Trainee: 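Shown below is the structure under consideration.
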Amino acid sequence: SSWEVRTSGKSKPGMAYFYNRDTNKSEWEPPAGLTREQIEALPGAHQLAPHQLEPVAPTRVRASHILVKHEGSRNPTSWKQPGVQIKRTEAQAIEDLRRFQDDLERAREEGGPSAEKLKFEQLAKEHSDCSSHENNGDLGKFEHDKMQKPFADAAFALEIGAISDIVKSGSGVHLIMRTG
């Protein structure tokens with residue numbers, strides 16, 4: 001991490017704060033996305049007050065997903081066959097995602113997290129029924145209330161780089177990878 005803990009000499013003398021060496025950004029609260037263990041491991045962390053060791057939940061996350069729609073989806077059509085109603089059942093959609101999970105696990109075993117991420121992007125580009133397939137499934141950054149609740153709950157609960165289990169929403173069934 002490029003974060004470290006420093007002690008203020010001006011605005012709040014003696015108070016510890018977080019400083020990012022790469023961006024020259026400083027914050028009083030722990031940087032979003034860091035776990036307690038990561039905060040405690042920062043250089044200078046011994047200067048922190050107990051409340052500064054508590055992670056701050058991010059207000060926005062970045063995620064990619066693979067969406068497989070089914071006949072019960074709120075808009076059961078796909079870019080793959082414009083104007084054609086999707087006829088697959090939810091169970092069939094879940095089977096597709098299970099196969100993708102196997103592919104992702106194999107990629108991770110063979111090449112580590114970077115290979116898994118590349119495989120996720122490839123699967124999203126080829127198989128996702130969402131228009132985000134054009135960006136390898138990348139949805140960009142979003143706030144919790146901008147997505148359907150089951151999707152947002154899963155995305156916000158993931159660590160960066162982690163992939164969810166199958167998530168059901170009104171849009172269909174998803175695999176979600178948190179990327180930021």
Side-chain angles (χ1 to χ4, degrees), residues 1-67 97 100-125 128 130 132 135-169 173-180:
S1 171
S2 55
W3 289 96
E4 63 185 43
V5 178
R6 294 186 174 180
T7 305
S8 176
K10 295 178 186 166
S11 62
K12 295 184 181 180
M15 175 88 172
Y17 66 95
F18 298 89
Y19 177 77
N20 186 310
R21 295 181 303 275
D22 293 341
T23 64
N24 293 324
K25 181 179 174 185
S26 58
E27 300 178 8
W28 294 110
E29 297 297 321
L34 292 184
T35 65
R36 183 183 182 104
E37 292 75 28
Q38 291 169 321
I39 294 167
E40 289 173 343
L42 294 175
H46 65 279
Q47 304 170 74
L48 293 170
H51 74 276
Q52 291 178 298
L53 293 171
E54 295 306 318
V56 174
T59 57
R60 294 169 47 138
V61 298
R62 184 172 187 165
S64 297
H65 76 140
I66 302 167
L67 168 64
L97 287 182
F100 299 157
Q101 285 178 313
D102 292 342
D103 292 345
L104 291 164
E105 186 176 327
R106 221 175 357 268
R108 185 178 189 89
E109 287 170 1
E110 294 170 7
S114 60
E116 182 183 47
K117 185 176 189 295
L118 286 173
K119 186 64 171 179
F120 191 97
E121 291 171 352
Q122 175 200 352
L123 290 169
K125 186 174 198 71
S128 182
C130 180
S132 69
N135 298 316
N136 300 326
D138 184 11
L139 295 167
K141 286 189 170 191
F142 54 88
E143 295 171 356
H144 194 281
D145 64 353
K146 300 298 182 204
M147 297 289 176
Q148 294 175 47
K149 186 172 179 2
F151 185 95
D153 287 349
F156 274 76
L158 292 170
E159 296 284 329
I160 294 172
I163 299 173
S164 70
D165 196 358
I166 293 170
V167 175
K168 295 180 184 182
S169 78
V173 291
H174 314 254
L175 291 178
I176 305 165
M177 174 185 274
R178 178 154 166 217
T179 56

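Quick caveat, the model's predicted, so the values are computed rather than measured.
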Trainee: Do the side chains of His65 and Ser132 get nearer than 4.5 Å, heavy atoms only?
Mentor: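 Counting from C-beta outward, Ser132 and His65 do come under 4.5 Å.
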Trainee: Any ion pair linking Lys125 and Glu121 (charged N to carboxylate O, less than 4.0 Å)?
Mentor: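 Salt bridge between Glu121 and Lys125, a charged N being under 4.0 Å from a carboxylate O: no.
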Trainee: Calculate, to the nearest 0.5 Å, the distance between atoms CD and CG belonging to Glu37 and Leu42 respectively.
Mentor: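 Rounded to the nearest 0.5 Å, the CD-CG separation comes out at 11.5 Å.
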Trainee: Only pairs at least two apart or in different chains count here, so list each side-chain hydrogen bond (donor to acceptor under 3.5 Å, both in side chains) that has a residue in residues 48-58.
Mentor: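 The answer is Arg36-Glu54.
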Trainee: Distance check, rounded to the nearest 0.5 Å: Thr59 atom OG1 versus Lys141 atom NZ?
Mentor: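 Rounded to the nearest 0.5 Å, the OG1-NZ separation comes to 8.5 Å.
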Trainee: Quick one: does any side-chain atom of Ser26 pair with a main-chain N or O of Tyr19 as donor and acceptor, under 3.5 Å?
Mentor: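 The answer is no, because no donor-acceptor pair under 3.5 Å joins these two groups.
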Trainee: Can you name the nearest heavy-atom pair linking Ile39 to Leu34, along with the distance?
Mentor: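 Heavy atoms of Ile39 and Leu34 come nearest at CG1-CB, 3.9 Å.
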Trainee: Is the backbone of Gly140 close enough, under 3.5 Å, to the side chain of Asp138 for a donor and an acceptor to pair up by distance?
Mentor: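 Yes; at least one donor-acceptor contact below 3.5 Å.
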Trainee: Nearest heavy-atom pair of Lys119 and Ala107: which atoms, and what distance?
Mentor: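 Closest approach of Lys119 to Ala107, heavy atoms only: CB-CB, 3.8 Å.
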Trainee: Do the side chains of Leu175 and Ile166 get nearer than 4.5 Å, heavy atoms only?
Mentor: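 Ile166 reaches Leu175 side chain to side chain.
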Trainee: My understanding is that only one of Ile176, Ile66, Thr179 makes a side-chain contact (heavy atoms from CB on, under 4.5 Å) with Phe120; could you say which?
Mentor: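 Only one of Ile176, Ile66, Thr179 forms a side-chain contact (heavy atoms from CB on, under 4.5 Å) with Phe120, namely Ile66.
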Trainee: Would you say the side-chain atoms of Glu27 and Asn20 include a donor-acceptor pair closer than 3.5 Å?
Mentor: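 Looking only at side-chain atoms, Asn20 and Glu27 do not form any donor-acceptor pair under 3.5 Å.
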Trainee: State, yes or no, whether a side-chain contact exists between His144 and Asp153 at a heavy-atom distance under 4.5 Å.
Mentor: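 Yes, side chains in contact.
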Trainee: Locate the shortest heavy-atom distance separating Trp3 from Pro43; write the atom from each residue and the value.
Mentor: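 What the structure gives for the nearest pair is O-CD, 3.7 Å.
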Trainee: Does the Arg178 side chain pair with the main chain of Leu158, one donor and one acceptor, at a distance under 3.5 Å?
Mentor: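 Such a contact is found between Arg178 side chain and Leu158 backbone.
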Trainee: Tell me, which pairs form a salt bridge (Lys or Arg N to Asp or Glu O under 4.0 Å) where one or both residues lie in residues 12-23, sequence neighbours left out?
Mentor: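 Of all non-adjacent pairs touching residues 12-23, those that pass salt bridge (Lys or Arg N to Asp or Glu O under 4.0 Å) are Glu4-Arg21.
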Trainee: Would you say the side-chain atoms of Ser169 and His174 include a donor-acceptor pair closer than 3.5 Å?
Mentor: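 Distance-only check passes for Ser169 and His174.
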Trainee: If you round to the nearest 0.5 Å, how far is CG of Leu118 from CG of Leu123?
Mentor: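 Going from the CG atom of Leu123 to the CG atom of Leu118 covers 11.0 Å.
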Trainee: Could you give me the CA-CA distance, side-chain angles and deciding distance for Phe18 and Val5, then say whether side chain to side chain contact (heavy atoms under 4.5 Å, CB included) is met?
Mentor: CA-CA 5 Å; Phe18 298 89; Val5 178; 4.1 Å; yes
Trainee: Among residues at least two apart in sequence or on other chains, which ones pass salt bridge (charged side-chain N to carboxylate O under 4.0 Å, His left out) with Arg108?
Mentor: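 Arg108 satisfies salt bridge (charged side-chain N to carboxylate O under 4.0 Å, His left out) with Glu116 only.
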Trainee: How close do Phe156 and Phe142 get, counting heavy atoms only, and between which atoms?
Mentor: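 In terms of heavy atoms, the two residues are closest at CZ-O, 3.8 Å.
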Trainee: How close do Leu67 and Cys130 get, heavy atom to heavy atom, and via which atoms?
Mentor: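 The answer is CD2-CB, 3.9 Å.
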Trainee: Below 4.5 Å, heavy atoms only, C-beta onward: do Asp103 and Gln122 meet side chain to side chain?
Mentor: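 SC-SC contact between Asp103 and Gln122 ruled out.
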Trainee: Any side-chain heavy-atom pair from Gln101 and Asp165 closer than 4.5 angstrom?
Mentor: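 Yes, close enough: below the 4.5 Å cut-off.
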